[in-house]
2 protein chains.
Amino acid sequence: MFVGDCVAELSKLPAHSVDVVFADPPYNLQLEGTLHRPDQSLVDAVDDAWDQFASFEAYDAFTRAWLLAARRVLKPDGTLWVIGSYHNIFRVGAILQDLGYWILNDVVWRKTNPMPNFKGRRFQNAHETLIWAARDKDARKYTFNYDALKAFNEDLQMRSDWLIPICTGGERLKDDAGDKVHPTQKPEGLLHRVLVSSTKPGDVVLDPFFGTGTTGAVARRLGRHFVGVERDRTYAAHAEARIAAVEPASAEALALTLGKKAEPRIPFGSLIEGGLLAPGETLSDAKGTVAAVVRADGSLDWNGITGSIHRVGAAAQSAEACNGWTFWHVFREGRPVVIDDLRQAVRKMMGNPG
Amino acid sequence: MFVGDCVAELSKLPAHSVDVVFADPPYNLQLEGTLHRPDQSLVDAVDDAWDQFASFEAYDAFTRAWLLAARRVLKPDGTLWVIGSYHNIFRVGAILQDLGYWILNDVVWRKTNPMPNFKGRRFQNAHETLIWAARDKDARKYTFNYDALKAFNEDLQMRSDWLIPICTGGERLKDDAGDKVHPTQKPEGLLHRVLVSSTKPGDVVLDPFFGTGTTGAVARRLGRHFVGVERDRTYAAHAEARIAAVEPASAEALALTLGKKAEPRIPFGSLIEGGLLAPGETLSDAKGTVAAVVRADGSLDWNGITGSIHRVGAAAQSAEACNGWTFWHVFREGRPVVIDDLRQAVRKMMGNPG
DNA sequence: ATGAGACGTGAATCTTGTT
DNA sequence: TAACAAGATTCACGTCTCA
């Protein structure tokens, strides 16, 4: 591990000495005011100095510099991973294409537990994007452990969308005061999948933005060598202690983190998108005493009371709560069909994507 | 619908005339051999290195041209959607940031049934990326139907990852020979969610790469107007026939679920004017630990601190801010009733006068 | 000891209308 | 245009408190 600026430190390494680069650069978040949750508590923003850039141009220059330095130390058949959000990932992706990297995949990290959008002004930002790229367009022998991934994924090809929780609980590093050490610590599960898919035991992994050493900890556990560069001495110190405590895990334990799957939740609106229900159709309860109209936005209208299938179902029964899936029916060929059956049909259409 | 080059046709439209742009541009022109510069000259590949540079440059110029043209016709509070894959989306995203668009979200379309990766050299490419951006950074009144999407998604706010099947079966347009008409026809379910989330009935939607008219078909069904531009006469002809067969949904089915923000404002004083609260009555918080007195002028008095229900509520909690409507309660028949319920009663009175 | 419920928190470009 | 005021707004978990 080296403490220092990543471009300067990388220039000291020999060329073509690294199998894989994993980089979690600053996102250039460009936050302005403060943000409160509905309960008035303050959201702890990423306002650290290392994430501040004067302009897109400044961020681009920074990005070009470290991507160039990383490319020099990569072996000809090496690959590079970068993670980012919509704030920066498009710039990073375009620049790495310009520099001659060849994109192999973009991969979506779907968070099981993302922070909500508190003000209701956008979609909940529930994912981040990783780019996986070869050093050169004509690289043929880069490492991709296709069969291992397929075995871990219940004999299905590993997809480009990964469902992994954010880093919380005991895994999250805390200082003596109980505060998080690093504002953006990545989950080990993410690095695990990255390294299992694109490195072999004994490979050298370089992380130019080492932070608190997630890459190093997972690399050590998986029997990979690592080189980390971190500018902040506090982060580096925590990383060192953390990695020293890592014990290599058994092969069985490795399989566990990759096998997780979740049953896909089907929103009611998907029945409309999928054409199983048309806007304007009428839903009723099992006895046919209540009638509500399906609206295009995925809500119901019962005598002017509108909302989700559950809310309106509750209102129609004067109940506190209601499972709309089993309450509402639609007529098909003269018979009432519970909409839960339509949901099953959608699930079949949807196949089995994690 | 217009048949022609999108930049040329867009230049004929009036400025600030469009609410939303949905664009599905060519993903990687260099592979398809149809890459033209904005002046219509054909890009001629020479050798690999030069070809790569020339191709990205040309694609960037093409992208800049149509994004600029689209920005001119967008209303100040309009938004733009672009869909792409890792081949092009990073360049598109960086350029639209450079042009002054302000990214609101990136959204991942997760395919339920993606094509497998046959060679087993990469992850299965199971998603595409959409960028949703406002025309301007400081646009505040762009349309986002938050409450409709929340109802759609069973009372959870809509995430940035959408699970939707690809376009197959009866929805996929075929020609007389039984071959698919367009190589990349998008599913109507995807456009449904795009238009429900970011447009209102009656809005104008522009699609500069109209193809076989998915945007037009869904817009028509959802009671939105559309403008489509397509260069290929065959695609345009199929689009026209397809859209003509679409049955628009009824006005009632198109109504959007609206939240509190859309409701008329009721000053607190109206509760006193309407006789629902009497001057001198006592309000308290939900637990009954705080008590304030209602004054005839519509202000509260809590231990000598006077002001609006919000200010006094904040002071009573030692908080920065407070929604007085949900904080304060009044006793009715021995039970605490939140004053927000009284406000609803006033709204009903005002909605049905007499 | 156990369970129910309160509390805290995470890479966030997060309001709107009037004066 | 800047300042002020009204008032709308959250999901999944892990941990802690208290009965």
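Here is how names work: the chains are called A, B, and so on, in the same order as the sequence lines, proteins then strands, and each is numbered from 1.
We find that CD1 of A/I166 is positioned 4 Å from C1' of C/dG10, with the value rounded to whole Å. If you measure from atom CG of A/L29 to atom P of C/dA11, you get 11 Å, rounded to the nearest angstrom. In this structure, A/R37 atom CZ and D/dA8 atom C1' are separated by 17 Å, rounded to whole Å. Taking atom CZ of residue B/R311 and atom P of nucleotide D/dC4, one finds them 10 Å apart after rounding to whole Å. Computed from coordinates, the A/K111 NZ to C/dG10 P distance equals 12 Å when rounded to whole Å. Atom-to-atom, CZ of A/F118 to C1' of D/dA8 comes out at 14 Å; the value is rounded to the nearest Å. Atom CG in B/D138 sits about 13 Å away from atom C1' in D/dT1, given to the nearest Å. Across the protein-nucleic acid pair, A/K119 atom NZ and D/dT10 atom C1' stand 10 Å apart, rounded to whole Å.
Among the atoms of the strands shown, only primed sugar atoms or phosphate atoms (P, OP1, OP2) are found under 4.0 Å from some heavy atom of B/L156. At the heavy-atom level, A/P114 lies under 4.0 Å from base atoms of the strands shown. Looking at heavy-atom distances under 4.0 Å, A/R172 makes contact with sugar-phosphate atoms alone, never a base. Residue contacts shown for A/D24 include a base, since a base heavy atom lies under 4.0 Å away. Using a 4.0 Å heavy-atom distance criterion, A/D51 is classed as a base contact. Across all strands, A/G84 comes closer than 4.0 Å to no nucleic acid atom at all (heavy-atom distances). Within 4.0 Å of A/R122, counting heavy atoms only, lies at least one base atom of the nucleic acid. Here A/T184 lies in heavy-atom contact (under 4.0 Å) with a base. In this structure, B/K137 reaches neither bases nor backbone, as no heavy-atom distance under 4.0 Å exists between it and the strands shown.
Of the listed nucleotides (C/dC14, D/dT9, D/dT10), C/dC14 has the atom at the smallest distance from the side chain of A/N117. Nearest to the side chain of A/M115, among C/dA12, C/dT9, D/dA5, sits C/dA12. The side chain of A/P116 approaches D/dT10 more closely than any other nucleotide in the set D/dT10, D/dG7, C/dT13. In this structure, the nucleotide among D/dC13, D/dC11, D/dA8 sitting nearest to the side chain of A/T112 is D/dC13. Of the candidate nucleotides C/dG10, D/dA8, C/dT13, C/dT13 has the atom lying nearest to any side-chain atom of B/Q97. With distances taken from any side-chain atom of B/R140 to the nucleotides D/dC11, D/dT9, C/dG17, the minimum falls on C/dG17. Closest to the side chain of A/Q30, out of D/dA6, C/dT13, C/dA11, is C/dT13. Side-chain atoms of A/K186 lie closest to C/dA11 of the nucleotides D/dG7, D/dT10, C/dA11.
For the pair A/G170 and A/Q40, both in contact range of DNA chain D, the more 5′-proximal nearest nucleotide belongs to A/Q40. Projected onto DNA chain D by closest heavy-atom contact, A/G120 and A/G169 fall at different nucleotides, the more 5' of which corresponds to A/G120.
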Tell me, with the steps shown, if A/S308 and B/D155 meet side chain to side chain donor-acceptor pair (under 3.5 Å).
-> CA-CA 7 Å; A/S308 69; B/D155 299 325; 2.7 Å; yes
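Remark: C/dC14 base-pairs with no nucleotide in the shown strands. Criterion, Watson-Crick or G-U wobble with two distances under 3.5 Å. Partner assigned to D/dT15 is C/dA6, using Watson-Crick or G-U wobble distances below 3.5 angstrom. For C/dT19, the paired nucleotide is D/dA2, the pair qualifying as Watson-Crick or G-U wobble because both relevant distances are below 3.5 Å.
Classification of B/D98 and B/R64 as a salt-bridged pair fails, no side-chain N sitting under 4.0 Å from a carboxylate O.
C/dT15 shows a glycosidic angle more than 90° from 0 and is accordingly assigned anti.
Applying the 6.0 Å contact sphere to CZ of B/R343 captures more than 12 heavy atoms from other residues, nucleotides or ligands.
A close approach under 4.0 Å does occur between a side-chain nitrogen or oxygen of B/R343 and OP1 or OP2 of D/dA8.
Between A/E128 and the options A/Y86, A/Y27, A/W109, a side chain to side chain donor-acceptor pair (under 3.5 Å) holds for only A/Y27.
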